[in-house]
Number of protein chains: 2
Amino acid sequence: MNKRANPVLHRDDPDKAPLHGHVKVTREDWLNVARDALVNDGVGEVKVLTLGERLGVSRSSFYWYFKSRKHLLEALLDDWEQRNTQLIITNTELPALNITEAACNFFRCFVDPSQFDQGLDFAVREWSRRETSVRLRIDAADTARIAAVVRMFQRHGYSDYESDTRARIIYFMQLGYHALEVRESMKTRMGRLEGYLLGFTGVAPDPEALKTFIDFAQSIDSHG
Amino acid sequence: MNKRANPVLHRDDPDKAPLHGHVKVTREDWLNVARDALVNDGVGEVKVLTLGERLGVSRSSFYWYFKSRKHLLEALLDDWEQRNTQLIITNTELPALNITEAACNFFRCFVDPSQFDQGLDFAVREWSRRETSVRLRIDAADTARIAAVVRMFQRHGYSDYESDTRARIIYFMQLGYHALEVRESMKTRMGRLEGYLLGFTGVAPDPEALKTFIDFAQSIDSHG
DNA sequence: AAGGGCCTGGACAGTCTTGTCCAGAATTTT
DNA sequence: AAAATTCTGGACAAGACTGTCCAGGCCCTT
């Protein structure tokens, strides 16, 4: 289903390439295949044996780098936390002449796969439904993200109340959009952008900001 | 995490209550605990042994009613399909004097847990991410639901284009809202309703329709 | 109350998983 | 070059799960 480059031993340093028989991996390698399994198959499929097979290495190796499977999952969670939330907050705080531009800034990181890892975010969200500790962390992340979007609307003259509801609409919709794993073409996506912005902001989108964003999205699409 | 009444042998017919030692269950019982496990713990936790323990029955019994675990999952999917989608479509087609009333009709089934089983819907959605066959079925469901909401906007004078984007906003947001598993009080939820409706429809909500819906939601909350 | 079909319990086999132990290969340090 | 350290392979133990087989308990019909 969800394809992404399979990070099976593609380390940067060619000196550490395997020789013959006795393959060596790093802690990073284990983490990478684990993240990949988490995103594509869910936390339940993050199995030591499977990861080892993907790395072409015995299971025993795993226990050198991690105390147990539980510790690996913990590391995975730390890894996620350092990536996504701060990115959204930064984007909502970028300078913008009008609310259209501001909203487009918000969308920027979601359109560009190299910025926000939607698969990872959603995998962690799914995981959080079953693990209270994970749930607490993602709840805090959501709260912080929504608060940032609320401030964005406030800076552009919306009342506290309207900022609150509009922020939730735009953030929840972004989540719902991804929950469906919509695989629309970028062209289709951009075709609806004007209508979305009208709904989100309540005003006709600024044509200048709209065009700038669409150009950005197209460039991502072609050689991103 | 997700609590719901544990349907552990609460059949309607008291005549079939267990006697002593030799407990009897029905195919429905297996399906019910299976659905419960699916919703609360995910498809991965729908295990014959676990379900049997919950029913207070040996695993062997299972294989009388179902050929295999796979067949149980298939039955679970059929069960879901018969519940949720048609309900949404019906609600969008209810007579409404204005778009506010229409949107509230759409929300009705989501506010009332006895109507739309959000937990089940989301569990199937999660399941669909890993099983292509499930994915196909839920994609068809989403398409049908969105199309129904589009028609709703069209009937209230929105252009085809605006109906399309607004329908997606309202449907995606509904999904995103649930993806977060927000556990707000009904009061908090209704407090934001006016702002949500403004965002969705682009016009100030009709006070009459707004009040009617809030009253309905409150009544659900108290003794629903 | 005897027979027969419906349904369950328990035993068994097979697979997959985590985690431990230790010999020894590969690499680095001395 | 020897010694120490780092890391892997393979064997072993234990537990969870699926699916099969069949004796026999329960209940309904006759």
Side-chain angles (χ1 to χ4, degrees), chain A residues 8-9 11-34 36-38 40-77 127 130-131, chain B residues 8-9 11 13-38 40-77 127 130-131:
Chain A
V8 178
L9 265 192
R11 246 172 289 114
D12 297 336
D13 192 351
D15 294 342
K16 293 190 179 176
L19 299 181
H20 55 281
H22 213 77
V23 184
K24 275 209 180 187
V25 297
T26 65
R27 185 187 155 100
E28 280 301 306
D29 291 329
W30 282 105
L31 253 177
N32 287 338
V33 287
D36 189 66
L38 172 67
N40 292 326
D41 308 314
V43 66
E45 290 302 307
V46 180
K47 299 169 186 171
V48 182
L49 179 64
T50 310
L51 302 183
E53 280 171 357
R54 278 213 229 175
L55 284 170
V57 144
S58 152
R59 285 185 317 110
S60 316
S61 166
F62 173 84
Y63 293 96
W64 178 262
Y65 301 101
F66 298 92
K67 199 175 166 189
S68 71
R69 178 175 179 272
K70 197 177 172 182
H71 284 74
L72 168 67
L73 296 182
E74 204 61 44
L76 230 33
L77 214 48
W127 183 7
R130 318 250 130 81
E131 289 284 338
Chain B
V8 179
L9 265 193
R11 244 172 291 112
D13 191 352
D15 293 341
K16 292 189 179 177
L19 298 180
H20 56 282
H22 211 76
V23 183
K24 276 211 181 184
V25 297
T26 65
R27 184 188 156 97
E28 279 301 305
D29 290 329
W30 282 103
L31 253 177
N32 287 337
V33 287
R35 190 185 318 107
D36 189 66
L38 172 66
N40 293 325
D41 307 314
V43 66
E45 290 302 308
V46 179
K47 301 168 186 171
V48 181
L49 179 65
T50 311
L51 301 183
E53 279 171 359
R54 279 212 228 175
L55 285 171
V57 144
S58 153
R59 284 185 317 109
S60 316
S61 166
F62 173 84
Y63 293 95
W64 180 261
Y65 301 101
F66 298 92
K67 197 175 168 190
S68 71
R69 178 175 178 271
K70 198 175 172 183
H71 284 74
L72 169 67
L73 296 182
E74 204 62 44
L76 230 32
L77 213 50
W127 182 8
R130 261 121 225 165
E131 290 282 339

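In what follows, chains carry the letters A, B, and so on, assigned in the order in which the sequence lines appear, proteins first and then strands, with residues in each chain numbered from 1.
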Completion exercise
Atom NZ of B:K67 and atom C1' of D:dT20 are separated, to the nearest Å, by 14 Å
Handout entry: Given DNA chain C, 5'-ward residue of the pair A:V46 and B:W30, judged by closest heavy atom
Key = B:W30
Fill in the blank from the handout: Atom CG of B:L55 and atom C1' of C:dT8 are separated, to the nearest Å, by 13 Å
Exercise for the section: For the side chain of A:W64, starting at C-beta, report the closest nucleotide among D:dG19, D:dC7, C:dT8. Expected result: D:dC7
Which atoms of nucleotides 10-12 of chain D (N or O only) lie under 3.5 Å from a protein N or O atom, and what are those distances?
| unit_1 | atom_1 | unit_2 | atom_2 | d |
| --- | --- | --- | --- | --- |
| D:dG10 | N7 | A:S60 | OG | 3.4 |
| D:dG10 | O6 | A:S60 | OG | 2.4 |

Exercise for the section: Taking only the side-chain heavy atoms of A:R69 (C-beta and beyond), determine which of C:dT17, C:dG19, D:dT18 contains the nearest atom. Expected result: C:dG19
Exercise for the section: Spell out, as yes or no, whether a donor-acceptor pair under 3.5 Å connects the side chain of B:R69 to the backbone of B:V46. Expected result: yes
Completion exercise
The reported gap from CZ in B:R35 to CG in B:L38 (rounded to nearest 0.5 angstrom) is 9.0 Å
Problem - Minimum-distance nucleotide (side-chain atoms of A:T50 versus C:dT8, C:dT17, C:dG19) - result: C:dT17
Exercise for the section: Nearest whole angstrom, please: distance from the P of D:dC17 to the CG of B:L73. Expected result: 15 Å
Problem - Nearest-angstrom distance from the residue atom CG of A:L72 to C1' of C:dT18 - result: 13 Å
Fill in the blank from the handout: Taken to the nearest whole Å, CZ/B:R27 to P/C:dC7 is 12 Å
Exercise for the section: Could you tell me whether the phosphate oxygens of D:dT8, OP1 or OP2, come under 4.0 Å of any side-chain nitrogen or oxygen in A:Y65? Expected result: yes
Fill in the blank from the handout: Between CD of A:E53 and P of C:dT17 the distance, given in whole Å, is 8 Å
Practice task
Would you indicate which nucleotide in C:dT27, D:dG19, C:dT18 comes nearest to any side-chain atom of A:K24?
Solution key: C:dT27
Fill in the blank from the handout: By side chain to side chain donor-acceptor pair (under 3.5 Å), A:E28 pairs with (sequence neighbours left out) none
Under 3.5 Å, which donor-acceptor pairs link side chains of residues 57-64 of chain A to any protein atom two or more places apart or in another chain?
| unit_1 | atom_1 | unit_2 | atom_2 | d |
| --- | --- | --- | --- | --- |
| A:S58 | OG | A:S60 | N | 3.1 |
| A:S58 | OG | A:S60 | OG | 3.1 |

Handout entry: Distance in angstrom units between B:L51 CG and C:dT8 P, rounded
Key = 14 Å
Practice task
Give, for atom CG of B:L72 and atom CZ of B:R27, the distance between the pair rounded to the nearest 0.5 Å.
Solution key: 8.5 Å
Exercise for the section: Please round to the nearest 0.5 Å and tell me the distance separating atom CD of A:E131 and atom CG of A:L73. Expected result: 8.0 Å
Fill in the blank from the handout: Between CG of A:D29 and P of D:dC7 the distance, given in whole Å, is 12 Å
Problem - Test side chain to side chain donor-acceptor pair (under 3.5 Å) applied to A:S68 - qualifying residues, sequence neighbours left out - result: A:H71
